[in-house]
Amino acid sequence: MAGRLQQRLAELDTPDDMTDEEEIWSLVRLSLVILRIILFVAIIAVSELMENYTIYDISMALWALIIGIPLFILISGGIILGDRIVKKKEAGIVEKTLLRPIRERL
């Protein structure tokens, strides 16, 4: 057991091979996931607690669904899109444009 603990502590000292972009994306992704969970809980809470209140003759429960579901989908799409962009750069499929293509061919 002590050997496994020492091995894990030694692994913490070794640097990871993440680039700055990957580290930034992991933090942004984490915040988006937490925001999505908070949004989900808020939609349920507002729907249950504010059923009797209305704005423009529509109950707050319905407003929570009208505003919350598109936000949830938008945040989920952002997470998926960001993962695809980071995966492309990680796999080496980065599309590069040549500034002077004629000079490069010669």
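Keep in mind it's a predicted model, so treat the numbers as computed, not measured. As a basis for the values below, the full set of heavy atoms in this structure was taken, side chains included, without hydrogen atoms, waters or symmetry mates.
- I34 CD1 to I75 CD1: the interatomic distance, rounded to the nearest 0.5 Å, is 12.0 Å.
- Side-chain contact check for V86 versus R29: every heavy-atom pair is 4.5 Å or farther apart.
- Closest heavy-atom contact between M60 and M50: CB-O, 3.1 Å.
- I80 and I69 are members of different hydrophobic clusters when ILVMFWY side chains are connected at heavy-atom separations under 4.5 Å.
- Considering CD1 of I58 and CG of L65, their distance stands at 11.5 Å, rounded to 0.5 Å.
- Note on ring orientation: taking the six-membered ring where Trp is involved, the planes of F40 and F72 are tilted (angle from 30° to 60°).
- In the hydrophobic clustering of ILVMFWY residues, with side-chain heavy atoms under 4.5 Å counting as a link, L35 and V28 come out together.
- Remark: side-chain polar atoms of W63 are paired, donor with acceptor, to backbone N or O of I55 under 3.5 angstrom.
- Criterion: ILVMFWY side-chain heavy atoms under 4.5 Å apart, direct or through other members. Under it, V33 and L74 are not part of a common hydrophobic cluster.
- Between W25 and I79, the shortest heavy-atom contact is CZ2-O, 3.6 Å.
- Checking V41, I43, I37 one by one against L39, the side-chain contact (heavy atoms from CB on, under 4.5 Å) holds for a single residue, I43.
- Taking OG from S76 and CG from L81, the interatomic distance works out to 12.5 Å, rounded to the nearest 0.5 Å.
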